Amino acid sequence: MDIKRDKYLTDLVNRMQNGMIKVITGIRRSGKSYLLFNIFKRYLLEHDVPTSHIIALELDLHKNKKYRNPDTILEYIESLIKDDEQYYILLDEVQMLQDFEEVLNSLLHIRNADIYVTGSNSKFLSKDVITEFRGRGDEIHIFPLSFKEFMQIYSGDVYQGWAEYVVYGALPLTVTMKTEEQKISYLTNLFKETYLKDIIERHNIEKTQELEDLINILASAIGSLTNPPKIQATFKSEIQSKISLNTIRQYIEYLEDAFIIKGVSRYNVKGRRYIGSPLKYYFEDVGLRNARLGFRQIEENHLMENIIYNELRSRGYSVDIGVVEKRGTADDGKEYRKQLEIDFVANMGSKRYYIQSAFTMPTEEKIMQEKSPLVNVNDFFKKIIITKDVMNIRRDEYGIITMSIYDFLLKENSLEL
């Protein structure tokens, strides 16, 4: 089944011949290798790049084992560059290569070579290449399938598609599986046998149960404000564990490094400053989050919020949680100050959007509750409420736009509507 990843192909095309190492990062099984060796390679061939000018090596394959030696691979690549035309070097699982930093540095000095790499396992994360080649590494972060990409290959209607997407997520291989049993087994085993094992091996973790308990706590609390002290209190009261704050902070960092979760900071909109702890944590794939909890906590409102967050990030926005202060006078004449939360503040260059995730708004009271934080933001940036309710896109007297989750996820440039 051919899955189109047009957004990421465009990202690669826009970076062609920029003199930097293009590093495709992302959670394992998100489609990094497929993007590079199927989609991008096909693009090159369709745009008249000769096969002889595409040097592609999948270094995890046994037949390519000899090329893991730095001298051997450099000699091989240099032997294939026979003229002054442009060559494209595609290296998959570059962590298999001994002294990969030195090899990539050497390749950067080949004037007519354009370099693309992927790689991730317990000993190496694709983010390590970015760190090693700061200033010379250009990151393309790939997410699991967006809902729009998912619906391109899903055979049911959009509502059936959403019901499946919110439970099993969108890792490419999961989407191609036919039965619920297959999906459940795959996601459960993938979390335990790949992601968890990678982190344990990479960091030589001995107290593995504490790591597993922490993942469960974070998975149960998506969309909720938390911090290490609060998590420590949960360990103490519910698990009777004496885990240290430093260990909790380290484990969270390990999970973020592996792209399993992402912490989101709070931003004071009027004060124009970041607020420290607590944060919110979201999962890169909601199917993995659900699998971690045995598919027992399918809270669709929180999962929708997680999906909106991932969609905004995949569109290239930096995303914060907004905090805005509301001042007023109570019925008894006393003045009050109240902090209101905006689910997401999405920024890209000069663009900014204030976004509320409202699973359903059945009453006028609920509608005003969702609008209140947005009404109290006194600037000209667009303010949007996204709801699971099926409705036409509409704008109210405050200029606040309300749209369904389906319009937001499926319509191109939905934030501009």
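For clarity, every value in this text was computed on a predicted model and none was experimentally measured. Residues: numbered from 1 along the sequence shown. Values below: every heavy atom of this structure, side chains too, minus hydrogens, waters and symmetry copies.
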Using distance alone, with no hydrogens and no angle criterion, decide if [X] and [Y] have a side-chain donor and acceptor under 3.5 Å apart.
| X | Y | answer |
| --- | --- | --- |
| Glu256 | Tyr251 | no |
| Thr360 | Asp389 | yes |
| Glu284 | His141 | yes |
| Arg352 | Tyr354 | yes |
| Asp320 | Tyr274 | yes |

**Prompt:** How about Lys382: does its NZ atom have over 12 heavy atoms from other parts shown lying under 6.0 Å from it?
**Reply:**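 Above 12, so yes.
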**Asked** Is it true that a side-chain atom of Asn306 and a backbone atom of Tyr282 form a donor plus acceptor pair closer than 3.5 Å?
**Response**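 Looks like no, no N/O pair under 3.5 Å.
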**Prompt:** Hey, mind stepping through Tyr165 and Tyr154 against ring pair (Phe, Tyr, Trp, His ring centres under 6.0 Å) and telling me if it holds?
**Reply:** CA-CA 10 Å; Tyr165 188 83; Tyr154 183 73; 9.8 Å; no
**Prompt:** Considering the options Ile21, Leu91, Ile73, Asp114, which one meets the side-chain contact (heavy atoms from CB on, under 4.5 Å) requirement together with Leu107?
**Reply:**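 Per the side-chain contact (heavy atoms from CB on, under 4.5 Å) rule, the option paired with Leu107 is Leu91, out of Ile21, Leu91, Ile73, Asp114.
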**Message:** Show, in sequence, the C-alpha distance, side-chain angles and deciding distance for Gln152 and Phe147, and conclude whether the side-chain contact (heavy atoms from CB on, under 4.5 Å) test is met.
**Reply:** CA-CA 9 Å; Gln152 289 173 353; Phe147 187 59; over 6 Å; no
**Asked** Taking NZ, NE, NH1 and NH2 as the nitrogens, is one of them in Asp285 or Arg289 under 4.0 Å from a carboxylate oxygen of the other?
**Response**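 No.
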**Request:** Answer yes when Glu305 and Lys280 have at least one side-chain N-carboxylate O distance shorter than 4.0 Å, and no when they do not.
**Result:**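 Lys280 and Glu305: salt-bridged.
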**Item:** Arg315 to Phe408, cation-pi by 6.0 Å centre distance and 45° axis angle
**Value:**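 Relative to the ring axis of Phe408, which defines the angle, Arg315 lies inside both limits.
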